[in-house]
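Let me begin by presenting the structure, written as structure tokens, before commenting on it.
Hydrogens, waters and symmetry mates play no part in the numbers below; they use all other heavy atoms, side chains included. These numbers were taken from a predicted model, which means no experiment stands behind them.
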Number of protein chains: 2
Amino acid sequence: MSGGPLPTIHEVARLAGVSVATVSKTLNRSGKVSELLQERVNAAAQKLGYAPHASARSLRSGATRILGLLVADLANPYFLRLVESIERLSSAAGYSVILCNSAEDPAREERHLAMLLSQRADGAIVIPTRRGWSGRQAALANLPMPGILVDRRIEGLDLDSVTTDNVALGRLAAEHLDDLGHRRIAVIMGSPEHQIARHRLDGLRSGLASRGVTLDERLIEKDNFSEAAGHAAALRLLGHAQRPTAIFATNNHLSLGLLRAIAERGLSIPDDLSVIAVDELPWAGLVRPGMTVVTQPSEAIAETTVSTLLSRILEGRSGAEDEARSIQLQPALVVRGSTAAVRTSST
Amino acid sequence: MSGGPLPTIHEVARLAGVSVATVSKTLNRSGKVSELLQERVNAAAQKLGYAPHASARSLRSGATRILGLLVADLANPYFLRLVESIERLSSAAGYSVILCNSAEDPAREERHLAMLLSQRADGAIVIPTRRGWSGRQAALANLPMPGILVDRRIEGLDLDSVTTDNVALGRLAAEHLDDLGHRRIAVIMGSPEHQIARHRLDGLRSGLASRGVTLDERLIEKDNFSEAAGHAAALRLLGHAQRPTAIFATNNHLSLGLLRAIAERGLSIPDDLSVIAVDELPWAGLVRPGMTVVTQPSEAIAETTVSTLLSRILEGRSGAEDEARSIQLQPALVVRGSTAAVRTSST
DNA sequence: CTTCACTAGAAAAACGTTTAACTAACTCGG
DNA sequence: CCGAGTTAGTTAAACGTTTTTCTAGTGAAG
């Protein structure tokens, strides 16, 4: 199965009849090496199937060309898309990615962070868990390598971050629903302690307010972000005497629960009810009229994240170090069939 | 943002007033160190926030405690579940995971493999791309570290593998459909060149045959594994003069396309048509009567994969090396509402 | 012809660990 | 009281690179 021990730079040097320094310079295109020797070296390396030992290289050079990617919840399809893009971009830039899933467990997050420290990753991309253990802020702030937060920010933490403008996201939903004449608008918001949920709700509320519509606070369902919670909240909302004409689910787990509840109740979208969700989802094609959604710019977020982190890594080498950037990217509204104008406007 | 340079074992040794060897022995619990010195060392390490430099450690010890995880397609939810489980299990065993997505592109797969070689990963877990570039077999066979194939096997490659028993999977579907009295059974099989698809079809065919039912070859739709292909195939099947009474979709992308087509045609499940799919899917709750599926034992596959690989890594150290194991795990039938007995039996 | 500047290459140090080899102190049987 | 084991610790070598320093050779200027 496995061949013998791998060749080292010394064996390449011996085969090519040169010193190890020359081999190193040739392979890294650093320093001057004559054409002739370059060819001999490359031929020898090729012949032996030489692959430089990354540990030795980084021990000496101080750079591992490894990025840590610490995600709060791999099962979240939105995060998964971020992971995909980040892996692709990092890999294209010559970096390997160590993937860590904290599964919303701060203890796992802490362990993974310690591991990344030991590995001396050149940088860390962190989608932090929702509720931190006490020392998390410190652990993140004291990270010896450049780090960047994605999707979720942590208040009072001096670290680069790339997030969606969630207030704008809520406002987009508000404007769309108002355009369609909706007045009885319900929200399944998830946990009210969570900043993102609050921002989205705030955006919705202020967006409606700026159109002269006030959000009925009794139609705001708060709990956690699970599919089950979304399902339960939806059932409560659908049970109201005055059923809402539109429901905004602020996260993809919640919208799945919402849709399930609607299907169970035998209601049809958008005739009985308009639904607007967040993020494109692989199964959205199953919802017959098509889902109207407000999307987060995941590809742009991934690009910004990776390029910002890589530039931090470079400037870190040259000593410069300015203050933390916090970048917000704009969401977009995608109108499909799950939202429609209200039938009987009871203004 | 980032603090000064990280402390080395020498600084710990100096602070504790002992030699570096003593620090190393204490921290690794190898060799004899007196209680007193152990405490001094631990206190010093704690105080300095010492984290051993993984590169230095692996350069010397020869082990990186890194596993490479090379997946053919991260967007596939089934693979994603495997990734989640593998990450969790590896991490619990003290290994970090470098994630590589080849996105069904053999060239990316090759590059990633070379990178894992350079990183000197202790082992590689590979879900190979469907169609290999010419040298893939060689690249995999010559891997200097233990490797293991998951989900997809490569014929004639002497490497451990863990897969689902796909013939059994097809047979489970066959028996269930036969129990319900179905005779006009259609299959959306994906690419006929792909071993897994062939096995599942073979299982279905032989399962039916052993019940005295012959599969109508005209109702076998072959193309690729995309959602679009599933959708197109479904439309063709639903257009037949004699519509099939049941459809078996052999993969999750295909079943999504199938369900979309059924929804578009306004048909209802299972009244007009029974549907059986492969694998639990996050959105299965949306299909109202619930999806009847044949599931692959993803958690068991992940466990077997990781434990087999880790034992290979251990035995690799001690020189022993027996021949490749190829392990097949059993699928299970989960009956929900999407399949029902045929109405008008036209035997 | 000698000296100087420059160049291509070699020799050697360094990165931070682990571990084999060594040493000093102590124990104990004869 | 002495030599042989045992024990707890230190010293130093080694892992495979990169990179700094050093050397020998070449060509040109004086």
Open item on the list: Using whole Å, what does the distance between atom C1' of nucleotide dT17(C) and atom CZ of R65(B) come to?
Closed with: 15 Å
Open item on the list: Using a strict threshold of under 4.0 Å (side-chain N to carboxylate O), is an ion pair present between E87(A) and R108(B)?
Closed with: yes
Open item on the list: Between P on dC15(C) and NE2 on H53(A), what's the gap in Å once rounded to a whole number?
Closed with: 19 Å
TODO: Could you state the atom-to-atom distance from CG of L59(B) to P of dT17(C) in whole Å?
DONE: 12 Å
TODO: Please state how far atom CD1 in I9(A) lies from atom P in dT19(D), giving the value in whole angstrom units.
DONE: 11 Å
Task: Closest non-hydrogen atom pair, A141(A) against L157(A) - done: CB-CD1, 3.8 Å
Task: CA sep, side-chain torsions, deciding dist, call: R65(A), R57(A), side-chain contact (heavy atoms from CB on, under 4.5 Å) - done: CA-CA 10 Å; R65(A) 298 193 79 80; R57(A) 186 200 291 256; 6.0 Å; no
TODO: Go through the side-chain N and O atoms of Q38(A) and T26(A) and say whether any donor and acceptor fall under 3.5 Å apart.
DONE: no
Task: Degree of bending, the helix from dC1(C)-dG30(D) to dG30(C)-dC1(D) (end axes from five pairs; round to 10°) - done: 70°
Open item on the list: Check this one for me: any side-chain N or O of R57(B) less than 4.0 Å away from OP1 or OP2 of dT18(C)?
Closed with: yes
Open item on the list: Just checking R325(A): does its CZ atom have more than 12 heavy atoms from other residues, nucleotides or ligands closer to it than 6.0 angstrom?
Closed with: yes
Task: Residues R136(B) and E110(B) bridged, charged N to O under 4.0 Å - done: no
Open item on the list: So, OP1 or OP2 of dT18(D): does either fall under 4.0 Å of a side-chain N or O from S24(A)?
Closed with: yes
Task: N-O pairing of E315(B) and R312(B) below 4.0 Å - done: yes
Open item on the list: Is there a side-chain contact (heavy atoms from CB on, under 4.5 Å) between S24(A) and T22(A)? Walk through the geometry before answering.
Closed with: CA-CA 5 Å; S24(A) 176; T22(A) 303; over 6 Å; no
Open item on the list: Using a 4.0 Å heavy-atom cut-off to protein, can you give one letter per nucleotide of nucleotides 4-12 of chain D, 5' to 3': B if the base is in contact, S if only the sugar-phosphate is, - if neither?
Closed with: ----SSBB-
- [ ] May I have the distance from L6(B) (atom CG) to dG16(C) (atom P), rounded to whole angstrom?
- [x] 10 Å
Task: Whole-Å distance separating the NE2 atom of H10(A) from the P atom of dA10(C) - done: 13 Å
- [ ] Report yes if a donor N or O on one partner sits less than 3.5 Å from an acceptor N or O on the other, where the partners are the side chain of R60(A) and the base of dT17(D); otherwise report no.
- [x] no
Open item on the list: Taking the side chain as everything from C-beta on, heavy atoms only, tell me whether L82(A) gets closer than 4.5 Å to I301(A).
Closed with: yes
Task: Rounded distance in Å - CG (L27(B)) to C1' (dT18(C)) - done: 12 Å
